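Inspection log for the structure reproduced underneath, given as structure tokens.
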Amino acid sequence: MNQEIAKIFYEIAEILEMKEVAFKPRAYQKAAQSIQGLDENVKTIFEKKGIKGLEEISGVGEGIAERIVEYIKKGKIKGYEKLKKEMPVNISELVSIEGVGPKLIKLFYEKLKVRNINDLEKAARHGKISTLPRCGKKLEQKILQGIEFYKKSHERFLLGDVFELAEKIKSRLSELKETEKIEAAGSFRRKKETIGDLDILVVSEKPKKVMDFFVSMPEVRHVYGKGLKKTMVRLSNGLDVDLRVVDEKSFGSALQYFTGNKAHNIELRKIALKKKYKLNEYGLFKVGSKKSEVRIAGQNEKEIYKKLGLQFMPPETRENTGEIELAQKNKLSEFIEEKDIKGDLHIHSHWKVKKGLIKERIKKAKELGYEYLGISDHTKFLAIEHGLNEQDLLKQSKEIERFRLHVSGFKILHGCEANILTDGSIDIDDKVLSKLDYVIAGVHSQMKMSKEKMTERIITAMKNPHVDIIAHLTGRVIQRREEYEIDFDKILRVAKETGTILEINANPVRLDLNDVKIRKAKEFGVKMIISSDAHQNEQMDLMKFGVWQARRGWAEKKDIVNTMSFKEISGLFKKPKKKRF
DNA sequence: GCCGTTTTCGGCCCGACTGTTTTCAGTCG
């Protein structure tokens with residue numbers, strides 16, 4: 001329901017903008033944004049706390065709260081229906097065309113009766129657009145091109161897919177002697193799970209050379225525009241990349257500015273204004289009388305936060321979801337870092353089909369600087385993954401015992417990734433589970449159950465004294481499979497009571513728990529573990545994606561159990577679950 | 001329509017780029 005309401009509010013904002021209503025568009029937009037990012041359903045909030053509860057949402061006041069209630073009760077909003085009648089246009093579709101905004105939509109509708117992308121394409125093809133005031137041939141071409149790109153579905157890219165590409169582009173640029181500093185900003189730097197486009201900043205004395213080199217890279221398929229400050233291209237895989245050349249003295253402020261997110265930046269500027277400063281991508285300036293400006297920061301990003309009276313915030317937290325308020329009070333915690341990770345406990349060795357892989361995994365784990373590694377193959381219910389049965393697990397235990405004797409200075413744990421069956425039971429006998437160092441359990445079948453049943457299923461598994469960790473709790477595969485429906489609050493309460501650890505699956509297609517859920521789990525005092533869930537050696541490198549996600553969820557070292565030493569974590573697993581935390 | 005260590009009324013982030021004109025409106029991030 002939150003997404004539905006957010007979408008309506010965004011549309012209201014656009015329509016009001018068309019009607020040139022002042023300020024209200026921003027209000028609706030802001031409310032839509034908050035509601036979209038909300039963890040709890042507005043309906044639940046309303047049922048629990050009434051209209052006052054809704055008004056607690058940032059950007060939601062009396063008026064908008066009433067509109068939300070109207071939607072909850074009647075499934076529609078009268079004012080919105082009325083606006084729609086005045087402007088019966090598919091706005092959300094049309095605004096997604098690059099270069100088309102509310103004002104143009106209004107003009108196109110009034111003069112050409114354009115209601116959707118199809119109409120717009122026809123109008124542009126027939127040369128109608130360029131007959132309108134302030135519209136020319138170039139706009140017409142731009143619109144046609146925009147439609148072309150829209151049709152090729154301008155979807156977002158997985159962070160994991162963008163990561164390697166970004167590294168490649170950065171290293172190409174760094175080989176060029178004309179570039180001094182290089183940094184990728186935007187949602188990539190904030191390590192969002194999906195990326196719309198990539199922003200790269202460089203410092204250079206020779207912008208022309210850098211831009212020429214940039215557009216000539218083999219990955220570049222299309223150049224949107226090329227200037228000395230900004231060049232925009234599309235790569236052959238469809239990813240849009242903007243390259244910006246900035247002055248050394250503005251590098252920090254440009255990095256801050258282009259990292260965003262937008263809402264975070266707006267808050268920062270407001271703080272600057274209150275201090276009689278001005279903040280933009282060129283620096284932080286003190287504004288004196290007669291509009292004289294003195295730069296007080298810009299070269300260094302940290303300096304900007306400091307001068308604004310704020311603790312430094314890692315890019316992963318810059319979403320304007322409360323980080324600024326905490327930073328003002330100096331109460332922002334230290335978040336977990338990659339170097340805090342001491343081991344990986346969710347690792348597959350495909351033992352039933354290939355025996356030599358445990359050794360390879362150990363070698364890789366040592367390279368990563370880990371202190372320990374846990375082998376956790378699938379169990380028998382997952383025949384397709386050659387899951388191990390009870391006998392296999394006992395045999396594997398003996399082999400791991402032999403490794404322990406031969407490997408020095410490194411510790412190996414033996415676990416498994418067992419299946420939570422539909423009734424919540426585990427597909428491996430308790431007696432065998434109790435012989436393992438630890439047990440991960442996950443749902444791998446029957447994912448479309450009712451919310452109540454799925455919640456009950458997982459809770460039953462958590463109540464099993466042998467189940468230490470629940471893997472990929474929501475089962476989502478980003479952009480491919482929805483989360484299962486679960487009552488997350490209820491699960492968190494039981495996790496806390498039973499001492500069950502929740503996994504943050506680091507695979508970039510899962511990242512499950514997500515940032516919002518991590519933050520909530522932390523608030524409930526539930527412990528988490530970050531796991532690569534590697535099926536191949538190279539996938540053990542994915543741990544960092546989990547760490548970034550954990551940082552986005554404000555997790556600290558103490559919230560994540562695989563920051564513990566081997567002694568601590570093996571001791572932990574030996575204690576009864578309820579006495580662990 | 002929202003919101004408050006300048007305000008319960010009067011403000012609401014800011015600059016670049018583009019295409020269109022010839023001083024600026026619309027869009028974007």
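Here the structure is a predicted model, which means the values were calculated and not measured. Below, chains carry the letters A, B, ... as their sequence lines are ordered, and counting in each starts from 1. Values reported hereafter were calculated over all heavy atoms of this structure, with side chains retained and with hydrogens, waters and symmetry mates removed.
Among the heavy atoms of the strands, none lies under 4.0 Å from A/Leu132. Among the protein residues, A/Lys137 comes within range of the sugar-phosphate backbone only, with heavy atoms under 4.0 Å from sugar or phosphate atoms but none that close to a base. Looking at heavy-atom distances under 4.0 Å, A/Arg244 makes no contact with the nucleic acid at all. At the heavy-atom level, A/Phe258 lies nowhere under 4.0 Å from the strands shown. A/Leu104 comes within 4.0 angstrom of sugar-phosphate atoms only, judged by non-hydrogen atoms across all strands, and of no base. Looking at heavy-atom distances under 4.0 Å, A/Glu267 makes no contact with the nucleic acid at all. Within the nucleic acid shown, A/Lys230 has no heavy atom closer than 4.0 Å to any nucleic acid atom. A/Leu139 comes within contact range of the sugar-phosphate backbone alone, with a heavy-atom separation under 4.0 Å but no base atom that close.
One can place CD of A/Glu17 at 11 Å from P of B/dC28, the figure rounded to the nearest angstrom. A/Lys276 places its NZ atom 9 Å from the P atom of B/dT6, with the value rounded to the nearest Å. If you measure from atom CG of A/Leu273 to atom P of B/dT5, you get 15 Å, rounded to the nearest angstrom. Counting to the nearest Å, the P atom of B/dG19 and the CD atom of A/Gln145 are 11 Å from each other. Atom pair A/Lys142:NZ and B/dT20:P shows a separation of 10 Å (rounding to whole Å applied). The CD1 atom of A/Ile129 sits 12 Å away from the P atom of B/dT27 (whole-angstrom rounding). For A/Lys270 and B/dT7, the NZ to P distance is 17 Å, given to the nearest whole Å. Rounded to whole angstrom, the span from the CG atom of A/Leu107 across to the P atom of B/dT20 amounts to 13 Å.
When every heavy atom of A/Arg156 is checked against every heavy atom of A/Ser187, the shortest pair comes out as NH2-OG, 4.0 Å.
Here the separation of B/dT20 from B/dC28, taken at their P atoms, is 15 Å to the nearest Å. Separating the P atom of B/dT7 from that of B/dG1 is a span of 25 Å, rounded to the nearest Å. Taking atom C1' in both B/dT18 and B/dT22, the straight-line distance is 15 Å, to the nearest Å. Taking atom C1' in both B/dT21 and B/dG26, the straight-line distance is 14 Å, to the nearest Å. As rounded to the nearest Å, B/dT8 and B/dG15 have P atoms that lie 28 Å from one another.
DNA chain B is contacted by both A/Gly99 and A/Tyr277; A/Tyr277 maps to the nucleotide lying nearer its 5′ end (nearest heavy atom per residue). If A/Phe23 and A/Lys103 are placed on DNA chain B by their nearest nucleotide, the residue sitting closer to the 5' end is A/Phe23.
Under the 6.0 Å distance and 45° angle rule, A/Lys307 does not count as a cation-pi partner of A/Tyr305. With a 6.0 Å cutoff to the six-membered ring centre and a 45° limit on the axis angle, A/Lys286 does not count as a cation-pi contact of A/Tyr277. With a 6.0 Å cutoff to the six-membered ring centre and a 45° limit on the axis angle, A/Lys517 counts as a cation-pi contact of A/Phe488.
Note on ring orientation: taking the six-membered ring where Trp is involved, the planes of A/Phe9 and A/Tyr28 are perpendicular (angle over 60°, cut-offs 30° and 60°).
Side-chain proximity of A/Glu98 to B/dA16, B/dG29, B/dG1: nearest is B/dG29. Comparing B/dC28, B/dT6, B/dT27 by their nearest atom to the side chain of A/Pro102 picks out B/dT27. Side-chain proximity of A/Tyr257 to B/dG29, B/dG19, B/dC2: nearest is B/dG29. The side chain of A/Lys138 sits closest to B/dG19 out of B/dG19, B/dG1, B/dC28.
The base of B/dG15 does not come close enough to the side chain of A/Tyr282 for any donor and acceptor atom to sit less than 3.5 Å apart. A donor and an acceptor atom never sit less than 3.5 Å apart when one is taken from the side chain of A/Arg26 and the other from the base of B/dC2.
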task: Check the pair A/Phe163, A/Trp548 against ring-ring contact (aromatic ring centres under 6.0 Å, His included), reporting the backbone distance first and the verdict last.
output: CA-CA 12 Å; A/Phe163 184 75; A/Trp548 293 331; 5.5 Å; yes
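When the side-chain nitrogen and oxygen atoms of A/Arg134 are compared with OP1 and OP2 of B/dT18, none of them lie within a distance under 4.0 Å.
Judged purely by atom type and a 3.5 angstrom limit, A/Ser34 has no side-chain atom pairing as donor or acceptor with the backbone of A/Ile57.
When both distances must be under 3.5 Å, the Watson-Crick or G-U wobble mate of B/dT27 is B/dA16.
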